[in-house]
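Below: the structure, in C-alpha coordinates.
Read the numbers this way: they start at 1 and go in the same order the structure lists the ligands and their atoms. In this chain, residues are counted from 1 in sequence order.
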Amino acid sequence: MNTLPTIPADRLPALLRAMPKAELHMHIEGSLEPELIFALARRNGVAIPYASVDELRRAYAFTNLQSFLDIYYAGASVLLKEQDFYDMAWAYLLRAQADNVLHTEMFFDPQTHTARGVAMDTVVNGLHRACVDAREKLGVSASLILCFLRHLSEEDAFATLEQALPLRDKFIGVGLDSSEVGHPPEKFARVFARCRALGLHLVAHAGEEGPPEYVWTALDVLKVERVDHGVQSSKDPALMRRLAQDRIPLTVCPLSNLKLCVFPSLAQHNLGALLDAGLMATVNSDDPAYFGGYVNENFTQTFAATGLTARHAYMLARNSFEASFVDAGTRRGFVDRLDACLASFA
Ligand code: HPA
Ligand code: ZN
(Lines give C-alpha, C1' and ligand atoms only; values in the text may rest on other atoms or scores of the structure.)
(Ligands and ions follow the chains in the order given, each with its own letter.)
Protein backbone atom coordinates (compact mmCIF):
# COMPACT_ATOMS: atom_id res chain seq x y z
CA MET A 1 0.00 0.00 0.00
CA ASN A 2 1.66 3.24 -1.16
CA THR A 3 -0.49 5.87 0.54
CA LEU A 4 -2.26 4.95 3.72
CA PRO A 5 -5.95 5.92 3.81
CA THR A 6 -6.90 8.47 6.47
CA ILE A 7 -8.40 6.65 9.43
CA PRO A 8 -10.23 8.63 12.15
CA ALA A 9 -8.52 8.35 15.57
CA ASP A 10 -11.68 7.00 17.22
CA ARG A 11 -11.62 4.05 14.79
CA LEU A 12 -8.06 3.06 15.78
CA PRO A 13 -8.97 0.47 18.50
CA ALA A 14 -11.39 -1.24 16.08
CA LEU A 15 -8.71 -1.24 13.38
CA LEU A 16 -6.15 -2.78 15.75
CA ARG A 17 -8.53 -5.62 16.54
CA ALA A 18 -9.78 -6.18 12.98
CA MET A 19 -6.51 -5.99 11.07
CA PRO A 20 -5.07 -9.30 9.88
CA LYS A 21 -1.78 -10.06 11.65
CA ALA A 22 0.79 -12.76 12.36
CA GLU A 23 1.94 -13.70 15.84
CA LEU A 24 5.62 -14.65 15.94
CA HIS A 25 6.46 -14.71 19.64
CA MET A 26 4.28 -16.76 21.91
CA HIS A 27 5.15 -19.71 24.11
CA ILE A 28 2.39 -22.28 23.87
CA GLU A 29 2.95 -23.28 27.52
CA GLY A 30 2.33 -19.61 28.35
CA SER A 31 -1.19 -19.86 26.94
CA LEU A 32 -2.28 -22.32 29.66
CA GLU A 33 -5.07 -20.45 31.43
CA PRO A 34 -5.55 -21.21 35.17
CA GLU A 35 -8.89 -22.90 34.40
CA LEU A 36 -7.19 -25.31 31.99
CA ILE A 37 -4.33 -25.93 34.47
CA PHE A 38 -6.91 -27.01 37.06
CA ALA A 39 -8.88 -29.10 34.55
CA LEU A 40 -5.73 -30.93 33.37
CA ALA A 41 -4.49 -31.39 36.96
CA ARG A 42 -7.79 -33.10 37.79
CA ARG A 43 -7.82 -35.16 34.58
CA ASN A 44 -4.25 -36.38 35.18
CA GLY A 45 -4.28 -36.64 38.98
CA VAL A 46 -1.46 -34.09 39.31
CA ALA A 47 -1.26 -32.14 42.59
CA ILE A 48 -0.77 -28.37 42.29
CA PRO A 49 0.12 -26.16 45.27
CA TYR A 50 -2.86 -23.78 44.80
CA ALA A 51 -6.35 -24.25 46.26
CA SER A 52 -8.27 -22.52 43.48
CA VAL A 53 -8.11 -20.79 40.11
CA ASP A 54 -8.33 -17.43 41.92
CA GLU A 55 -5.47 -18.29 44.26
CA LEU A 56 -3.32 -19.33 41.29
CA ARG A 57 -4.17 -16.13 39.42
CA ARG A 58 -3.26 -14.06 42.49
CA ALA A 59 0.23 -15.60 42.37
CA TYR A 60 0.78 -13.92 38.99
CA ALA A 61 2.51 -10.88 40.50
CA PHE A 62 5.96 -10.91 38.94
CA THR A 63 9.00 -8.76 39.69
CA ASN A 64 11.30 -10.03 36.91
CA LEU A 65 11.70 -12.82 34.35
CA GLN A 66 12.80 -15.47 36.87
CA SER A 67 9.83 -14.88 39.20
CA PHE A 68 7.58 -15.60 36.22
CA LEU A 69 9.53 -18.62 34.95
CA ASP A 70 9.23 -20.38 38.33
CA ILE A 71 5.40 -20.29 38.13
CA TYR A 72 5.33 -20.94 34.36
CA TYR A 73 7.30 -24.19 34.70
CA ALA A 74 5.11 -25.27 37.64
CA GLY A 75 1.97 -24.66 35.53
CA ALA A 76 3.34 -26.82 32.70
CA SER A 77 3.66 -29.82 35.06
CA VAL A 78 -0.01 -30.76 34.43
CA LEU A 79 0.77 -31.62 30.78
CA LEU A 80 1.30 -35.38 30.43
CA LYS A 81 -0.60 -36.83 27.46
CA GLU A 82 -0.71 -36.00 23.77
CA GLN A 83 -4.31 -34.81 24.16
CA ASP A 84 -3.20 -32.32 26.85
CA PHE A 85 -0.79 -30.68 24.41
CA TYR A 86 -3.49 -30.68 21.73
CA ASP A 87 -6.07 -29.10 24.05
CA MET A 88 -3.65 -26.38 25.16
CA ALA A 89 -2.71 -25.47 21.58
CA TRP A 90 -6.31 -25.64 20.35
CA ALA A 91 -7.47 -23.22 23.05
CA TYR A 92 -4.78 -20.74 21.96
CA LEU A 93 -5.54 -21.17 18.25
CA LEU A 94 -9.22 -20.37 18.86
CA ARG A 95 -8.15 -17.15 20.64
CA ALA A 96 -5.74 -16.35 17.84
CA GLN A 97 -8.53 -16.70 15.28
CA ALA A 98 -10.72 -14.36 17.35
CA ASP A 99 -7.88 -11.77 17.23
CA ASN A 100 -7.64 -12.03 13.42
CA VAL A 101 -4.29 -13.81 13.54
CA LEU A 102 -3.84 -15.35 10.08
CA HIS A 103 -0.54 -17.02 10.90
CA THR A 104 1.24 -17.96 14.12
CA GLU A 105 4.67 -19.41 14.87
CA MET A 106 4.37 -21.01 18.30
CA PHE A 107 7.33 -21.69 20.61
CA PHE A 108 7.39 -24.87 22.66
CA ASP A 109 9.83 -25.94 25.39
CA PRO A 110 10.35 -29.73 25.04
CA GLN A 111 12.92 -29.93 27.86
CA THR A 112 10.28 -28.78 30.37
CA HIS A 113 8.37 -31.96 29.51
CA THR A 114 11.03 -34.54 28.66
CA ALA A 115 12.73 -33.80 32.01
CA ARG A 116 9.48 -35.04 33.67
CA GLY A 117 9.45 -38.25 31.62
CA VAL A 118 7.04 -37.08 28.89
CA ALA A 119 8.17 -38.39 25.48
CA MET A 120 9.20 -35.94 22.72
CA ASP A 121 6.64 -37.64 20.42
CA THR A 122 3.83 -36.91 22.89
CA VAL A 123 4.68 -33.20 22.96
CA VAL A 124 5.29 -32.63 19.26
CA ASN A 125 2.48 -34.84 17.94
CA GLY A 126 -0.13 -33.21 20.19
CA LEU A 127 0.92 -29.69 19.24
CA HIS A 128 1.29 -30.52 15.56
CA ARG A 129 -2.18 -32.12 15.33
CA ALA A 130 -3.65 -28.87 16.65
CA CYS A 131 -1.72 -26.94 13.96
CA VAL A 132 -3.13 -29.21 11.22
CA ASP A 133 -6.68 -28.82 12.58
CA ALA A 134 -6.27 -25.03 12.86
CA ARG A 135 -5.60 -24.73 9.15
CA GLU A 136 -8.49 -27.01 8.20
CA LYS A 137 -11.12 -25.91 10.68
CA LEU A 138 -10.17 -22.32 11.62
CA GLY A 139 -8.35 -21.07 8.53
CA VAL A 140 -5.39 -20.20 10.79
CA SER A 141 -1.90 -21.12 9.58
CA ALA A 142 0.23 -22.39 12.48
CA SER A 143 3.75 -23.76 12.80
CA LEU A 144 6.08 -24.73 15.64
CA ILE A 145 9.51 -23.51 16.79
CA LEU A 146 11.41 -25.70 19.25
CA CYS A 147 13.10 -23.65 21.99
CA PHE A 148 16.16 -24.72 23.94
CA LEU A 149 16.19 -23.73 27.62
CA ARG A 150 19.25 -21.53 28.06
CA HIS A 151 19.63 -22.22 31.80
CA LEU A 152 20.46 -25.83 30.84
CA SER A 153 23.68 -26.93 29.12
CA GLU A 154 24.46 -26.96 25.41
CA GLU A 155 24.95 -30.72 25.77
CA ASP A 156 21.33 -30.98 26.94
CA ALA A 157 20.24 -28.89 23.94
CA PHE A 158 22.11 -31.27 21.59
CA ALA A 159 20.39 -34.28 23.20
CA THR A 160 17.02 -32.55 22.79
CA LEU A 161 17.74 -31.84 19.11
CA GLU A 162 18.62 -35.50 18.54
CA GLN A 163 15.32 -36.59 20.14
CA ALA A 164 13.39 -34.12 17.96
CA LEU A 165 15.03 -34.88 14.60
CA PRO A 166 12.78 -37.85 13.76
CA LEU A 167 9.94 -35.27 13.96
CA ARG A 168 11.84 -32.74 11.80
CA ASP A 169 8.89 -32.15 9.44
CA LYS A 170 6.69 -30.98 12.34
CA PHE A 171 8.69 -27.88 13.36
CA ILE A 172 10.21 -25.11 11.26
CA GLY A 173 13.00 -23.81 13.44
CA VAL A 174 14.66 -23.45 16.82
CA GLY A 175 14.80 -20.70 19.42
CA LEU A 176 16.40 -19.94 22.78
CA ASP A 177 14.42 -18.98 25.88
CA SER A 178 14.29 -19.10 29.71
CA SER A 179 16.64 -17.23 32.13
CA GLU A 180 18.61 -14.76 30.03
CA VAL A 181 21.17 -13.00 32.25
CA GLY A 182 24.25 -15.19 32.77
CA HIS A 183 23.35 -17.42 29.81
CA PRO A 184 24.53 -15.51 26.72
CA PRO A 185 23.69 -16.70 23.20
CA GLU A 186 27.28 -17.86 22.52
CA LYS A 187 26.77 -20.65 25.09
CA PHE A 188 24.73 -22.32 22.30
CA ALA A 189 27.02 -21.55 19.33
CA ARG A 190 27.64 -25.17 18.33
CA VAL A 191 24.06 -26.41 18.56
CA PHE A 192 22.79 -23.42 16.56
CA ALA A 193 25.47 -24.08 13.91
CA ARG A 194 24.19 -27.65 13.65
CA CYS A 195 20.56 -26.46 13.35
CA ARG A 196 21.62 -24.00 10.65
CA ALA A 197 23.30 -26.81 8.71
CA LEU A 198 20.04 -28.77 9.01
CA GLY A 199 18.15 -25.92 7.33
CA LEU A 200 16.12 -24.97 10.39
CA HIS A 201 15.06 -21.35 10.93
CA LEU A 202 16.91 -19.68 13.82
CA VAL A 203 15.60 -17.19 16.41
CA ALA A 204 16.64 -16.36 19.99
CA HIS A 205 15.46 -14.32 22.93
CA ALA A 206 17.99 -11.54 23.47
CA GLY A 207 17.87 -8.11 25.04
CA GLU A 208 14.76 -8.78 27.13
CA GLU A 209 16.56 -8.28 30.47
CA GLY A 210 20.02 -8.97 29.10
CA PRO A 211 22.38 -6.34 27.63
CA PRO A 212 22.72 -5.22 23.99
CA GLU A 213 25.86 -7.43 23.76
CA TYR A 214 23.53 -10.47 23.83
CA VAL A 215 21.70 -9.12 20.76
CA TRP A 216 25.03 -8.68 18.95
CA THR A 217 26.07 -12.28 19.69
CA ALA A 218 22.64 -13.66 18.82
CA LEU A 219 23.15 -12.04 15.38
CA ASP A 220 26.86 -12.63 14.83
CA VAL A 221 27.48 -15.93 16.63
CA LEU A 222 24.13 -17.74 16.45
CA LYS A 223 23.20 -16.06 13.12
CA VAL A 224 19.54 -15.71 14.07
CA GLU A 225 17.01 -14.42 11.54
CA ARG A 226 14.86 -12.66 14.19
CA VAL A 227 15.49 -11.39 17.72
CA ASP A 228 12.83 -12.14 20.33
CA HIS A 229 12.20 -9.05 22.52
CA GLY A 230 15.40 -7.09 21.72
CA VAL A 231 14.04 -4.01 23.48
CA GLN A 232 17.37 -3.35 25.27
CA SER A 233 18.87 -2.62 21.84
CA SER A 234 17.82 1.03 22.17
CA LYS A 235 20.71 1.46 24.66
CA ASP A 236 23.23 0.91 21.83
CA PRO A 237 23.05 3.29 18.84
CA ALA A 238 25.41 1.16 16.71
CA LEU A 239 23.21 -1.88 17.31
CA MET A 240 20.11 0.12 16.37
CA ARG A 241 21.77 1.04 13.05
CA ARG A 242 22.69 -2.59 12.42
CA LEU A 243 19.14 -3.84 13.15
CA ALA A 244 17.63 -1.18 10.88
CA GLN A 245 20.12 -1.70 8.02
CA ASP A 246 19.78 -5.48 7.99
CA ARG A 247 16.01 -5.35 8.57
CA ILE A 248 16.29 -7.77 11.49
CA PRO A 249 12.81 -8.30 12.95
CA LEU A 250 12.26 -7.76 16.69
CA THR A 251 9.32 -9.64 18.19
CA VAL A 252 8.29 -7.19 20.89
CA CYS A 253 5.87 -8.18 23.69
CA PRO A 254 4.63 -5.03 25.47
CA LEU A 255 2.40 -6.57 28.16
CA SER A 256 5.13 -9.10 28.99
CA ASN A 257 7.63 -6.25 29.38
CA LEU A 258 5.18 -4.42 31.65
CA LYS A 259 4.40 -7.46 33.84
CA LEU A 260 8.08 -8.44 34.17
CA CYS A 261 9.04 -4.85 35.04
CA VAL A 262 11.25 -4.33 31.97
CA PHE A 263 9.51 -0.93 31.61
CA PRO A 264 7.84 0.89 34.52
CA SER A 265 4.70 1.59 32.46
CA LEU A 266 3.36 1.01 28.94
CA ALA A 267 3.56 4.76 28.35
CA GLN A 268 7.35 4.44 28.73
CA HIS A 269 7.65 1.46 26.37
CA ASN A 270 10.06 2.02 23.47
CA LEU A 271 7.97 0.34 20.72
CA GLY A 272 7.33 3.69 19.01
CA ALA A 273 11.00 4.65 19.25
CA LEU A 274 12.05 1.33 17.67
CA LEU A 275 9.62 1.83 14.76
CA ASP A 276 10.58 5.46 14.29
CA ALA A 277 14.27 4.44 14.15
CA GLY A 278 13.37 2.21 11.19
CA LEU A 279 13.47 -1.14 13.00
CA MET A 280 11.22 -3.97 11.90
CA ALA A 281 9.31 -4.37 15.17
CA THR A 282 6.24 -6.57 15.65
CA VAL A 283 3.72 -6.93 18.51
CA ASN A 284 3.17 -10.27 20.23
CA SER A 285 1.71 -11.75 23.42
CA ASP A 286 4.64 -13.92 24.73
CA ASP A 287 2.72 -15.75 27.51
CA PRO A 288 -0.84 -14.46 27.19
CA ALA A 289 -2.35 -16.45 30.07
CA TYR A 290 0.19 -14.96 32.48
CA PHE A 291 0.63 -11.40 31.23
CA GLY A 292 -2.95 -10.20 30.99
CA GLY A 293 -3.84 -10.48 27.35
CA TYR A 294 -3.66 -12.01 23.90
CA VAL A 295 -2.20 -10.18 20.92
CA ASN A 296 -5.06 -7.72 20.35
CA GLU A 297 -4.89 -6.67 24.00
CA ASN A 298 -1.17 -5.98 23.50
CA PHE A 299 -2.03 -3.75 20.55
CA THR A 300 -4.92 -1.85 22.10
CA GLN A 301 -3.33 -1.23 25.51
CA THR A 302 0.00 -0.16 24.02
CA PHE A 303 -1.58 2.21 21.50
CA ALA A 304 -3.82 3.73 24.19
CA ALA A 305 -0.81 4.32 26.46
CA THR A 306 1.68 5.62 23.90
CA GLY A 307 -0.36 7.49 21.29
CA LEU A 308 0.88 5.41 18.35
CA THR A 309 -1.09 6.02 15.14
CA ALA A 310 -2.81 4.11 12.32
CA ARG A 311 0.44 4.41 10.35
CA HIS A 312 2.25 2.54 13.16
CA ALA A 313 -0.55 -0.05 13.26
CA TYR A 314 -0.13 -0.75 9.56
CA MET A 315 3.67 -0.99 9.90
CA LEU A 316 3.38 -3.45 12.79
CA ALA A 317 0.89 -5.73 11.02
CA ARG A 318 2.83 -5.57 7.78
CA ASN A 319 6.11 -6.29 9.63
CA SER A 320 4.51 -9.35 11.23
CA PHE A 321 3.96 -10.86 7.78
CA GLU A 322 7.34 -9.71 6.41
CA ALA A 323 9.10 -11.24 9.43
CA SER A 324 7.26 -14.56 9.29
CA PHE A 325 8.74 -17.72 7.81
CA VAL A 326 6.00 -18.25 5.21
CA ASP A 327 6.73 -18.46 1.47
CA ALA A 328 6.56 -15.34 -0.70
CA GLY A 329 3.18 -16.15 -2.26
CA THR A 330 1.52 -16.76 1.10
CA ARG A 331 3.04 -13.52 2.42
CA ARG A 332 1.67 -11.55 -0.53
CA GLY A 333 -1.80 -13.00 0.13
CA PHE A 334 -1.62 -11.96 3.81
CA VAL A 335 -0.48 -8.41 2.96
CA ASP A 336 -3.30 -8.10 0.39
CA ARG A 337 -5.81 -8.99 3.11
CA LEU A 338 -4.22 -6.40 5.41
CA ASP A 339 -4.42 -3.73 2.72
CA ALA A 340 -8.08 -4.56 2.04
CA CYS A 341 -8.83 -4.21 5.76
CA LEU A 342 -7.13 -0.79 5.94
CA ALA A 343 -9.06 0.38 2.87
CA SER A 344 -12.34 -0.64 4.51
CA PHE A 345 -11.52 1.66 7.48
CA ALA A 346 -10.87 4.78 5.36
N1 HPA B 1 11.62 -14.90 28.19
C2 HPA B 1 12.36 -15.98 28.34
N3 HPA B 1 11.84 -17.19 28.44
C4 HPA B 1 10.52 -17.33 28.36
C5 HPA B 1 9.70 -16.24 28.22
C6 HPA B 1 10.28 -14.95 28.10
O7 HPA B 1 9.64 -13.90 27.94
N8 HPA B 1 8.43 -16.72 28.19
C9 HPA B 1 8.50 -18.06 28.31
N10 HPA B 1 9.77 -18.43 28.43
ZN1 ZN C 1 9.27 -15.12 25.03
- Six-ring centre of F325, R226 cation under 6.0 angstrom, axis tolerance 45°: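 The answer is yes; both the distance and angle limits are met.
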Which protein non-hydrogen atom lies closest to [atom], naming both residue and atom, and how far is it?
atom                   : answer
atom 3 (N) of ligand 1 : S178 N, 2.8 Å
atom 8 (N) of ligand 1 : D287 OD2, 2.7 Å
atom 7 (O) of ligand 1 : D286 OD2, 2.7 Å
atom 1 (N) of ligand 1 : E208 OE1, 2.7 Å
atom 5 (C) of ligand 1 : H27 NE2, 3.5 Å

Could you verify whether a donor N or O on one side chain and an acceptor N or O on the other, from [X] and [Y], lie under 3.5 Å apart?
X    : Y    : value
Y60  : D287 : no
S178 : Y73  : yes
D156 : S153 : no
N270 : S234 : yes
S52  : E55  : no

- Query: Does the side chain of C195 reach to within under 4.5 Å of the side chain of L202, using non-hydrogen atoms?
  - Reply: yes
For residues 336-346, which side-chain donor-acceptor pairs fall under 3.5 Å, sequence neighbours excluded?
unit_1 : atom_1 : unit_2 : atom_2 : d
D339   : OD1    : Y314   : OH     : 2.7
D339   : OD2    : M1     : N      : 3.4
S344   : OG     : C341   : O      : 2.6

- Do R247 and E322 sit within salt-bridge range, that is, some charged N less than 4.0 Å from a carboxylate O? no
- Salt bridge present between E35 and R57 (N-O < 4.0 angstrom):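 Judged by the 4.0 Å cut-off on N to carboxylate O distance, E35 and R57 do form a salt bridge.
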Is it the side chain, the backbone, both or neither of [X] that has a heavy atom closer than 4.0 Å to ligand 1?
X    : value
L65  : side chain
D228 : neither
Y72  : side chain

Numbering the atoms of ligand 1 from 1, which are under 4.0 Å from a heavy atom of [X]?
X    : value
F68  : 8 (N), 9 (C)
D177 : 3 (N), 10 (N)
L69  : 3 (N), 4 (C), 10 (N)

- Query: Is the closest heavy atom of H229 to ligand 1 under 4.0 Å?
  - Reply: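 Judged by the 4.0 Å heavy-atom criterion, H229 does count as contacting ligand 1.
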- Run the contact test for D109 against ligand 1 with a 4.0 Å cut-off on heavy atoms, strictly below, and give the result. no
- Can you check side chain to side chain contact (heavy atoms under 4.5 Å, CB included) on Y92 and M88, steps first, answer last? CA-CA 7 Å; Y92 160 69; M88 169 174 68; over 6 Å; no
- Item | Proximal protein heteroatoms (N, O or S) of the Zn ion (ligand 2), under 2.8 Å | H25 NE2, H27 NE2, H205 NE2, D286 OD1
- Message: In terms of relative ring orientation, are F68 and F291 parallel, tilted or perpendicular, with 30° and 60° separating the classes?
- Response: tilted
